[in-house]
Amino acid sequence: MSPLIAFEGPEGAGKTTQLARLDRRLSAMGQRVLSLAEPGGTELGEAVRSLLLGGGGQTSPVAELLLFGASRAELVAQRILPALAAGELVLLDRFTLSSRAYQGGGRGIPQIWLEQLEFWVAGGLRPDLTLLLDLPPEQGLARAARRQPLDRMEGQGLQFHARVARVYREAAAGDASVVLLDAAQPQEVVAERIWEQVTSRFQLP
Ligand code: TYD
């Protein structure tokens, strides 16, 4: 199967921009690429996105976890597995590590529940490489707020986002497939670091 690469990180770290850059660069060299963002990418996933991120209402942590999980299960079955089987390299804007960071770290759901859910939802599918764009929560939230009004998750406060950041950093420390990159560097520098990681790990056309 072709590579599965996830972009992870806190709010405002520049994942979406970097993912689009990598997609363009890979595509230009003839690599077939599919880029997807969570939650979303399927009819059910888009409905989950507007449910969870659209309004400002309260959702219980477990309901929130299951909704992100439902979106992911659909994305894996309908889009990711077929693309990998067809030889496309898949770029994901967030995957299971987001649930560990936000629902685990942020909301306090036990990591063992998350591990079990991951197995149901993604059937053991794990990214070959996770690019973790690291940025202190204060800086990321300030960047996100300059872009547009904060959505429901972004508006959770600094303490919440500090817990999210901690889980991300722990993941990078304990897993060689998770690479931590300093997202405070200029966009071009981050893009080069990403390119080095991708070209050194995978055989590309
Ligand atoms: P989005 O608007 O896609 O922004 P970005 O990914 O650029 O931050 O928002 C997705 C939000 O959903 C983000 O605040 C993180 C959150 N989220 C979770 O809490 N758990 C998850 O499993 C996923 C995939 C996302």
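For reference, positions follow the sequence shown, starting with 1. All ligand and atom numbering here is 1-based and tracks the order in the structure.
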| request: Scan residues 86-98 for pairs that pass side chain to side chain donor-acceptor pair (under 3.5 Å), counting only residues two or more places apart or in two chains. | output: Glu8-Ser98, Lys15-Asp93, Thr16-Asp93, Arg94-Ser98, Arg94-Tyr102, Arg94-Tyr168, Ser98-Tyr168
| What distance separates Leu89 CG from Leu34 CG, expressed to the nearest 0.5 Å? | 9.5 Å
| Other residues, nucleotides, ligands: >12 heavy atoms within 6.0 Å of Arg201 CZ | yes
| task | Apply the test side chain to side chain donor-acceptor pair (under 3.5 Å) to residues Arg72 and Ser99: give CA-CA distance (whole Å), side-chain angles for both, the deciding distance (0.1 Å), then the verdict. | result | CA-CA 10 Å; Arg72 183 166 305 131; Ser99 289; 3.0 Å; yes
Quick one: table the atom pairs, ligand 1 N or O against protein N or O, below 3.5 Å, distance rounded to 0.1 Å.
residue	atom	partner	partner atom	Å
ligand 1	2 (O)	Arg49	NH1	3.4
ligand 1	3 (O)	Arg49	NH2	2.9
ligand 1	6 (O)	Lys15	NZ	3.0
ligand 1	6 (O)	Arg94	NE	2.6
ligand 1	6 (O)	Arg94	NH2	3.4
ligand 1	7 (O)	Lys15	NZ	3.3
ligand 1	8 (O)	Glu11	OE1	3.0
ligand 1	8 (O)	Arg94	NH2	2.9
ligand 1	14 (O)	Glu11	OE2	2.8
ligand 1	19 (O)	Gln103	NE2	2.9
ligand 1	20 (N)	Gln103	OE1	2.8
ligand 1	22 (O)	Arg72	NH2	2.9
ligand 1	22 (O)	Ser99	N	3.4
ligand 1	22 (O)	Ser99	OG	2.7

| request: Kindly indicate, with the supporting measurements, whether the criterion salt bridge (Lys or Arg N to Asp or Glu O under 4.0 Å) is fulfilled by Glu188 and Arg21. | output: CA-CA 10 Å; Glu188 280 65 35; Arg21 284 183 78 128; 3.4 Å; yes
| query | Judged by atom type as modelled, is there a donor-acceptor pair below 3.5 Å linking the side chain of Gln185 to the main-chain atoms of Asp182? | reply | yes
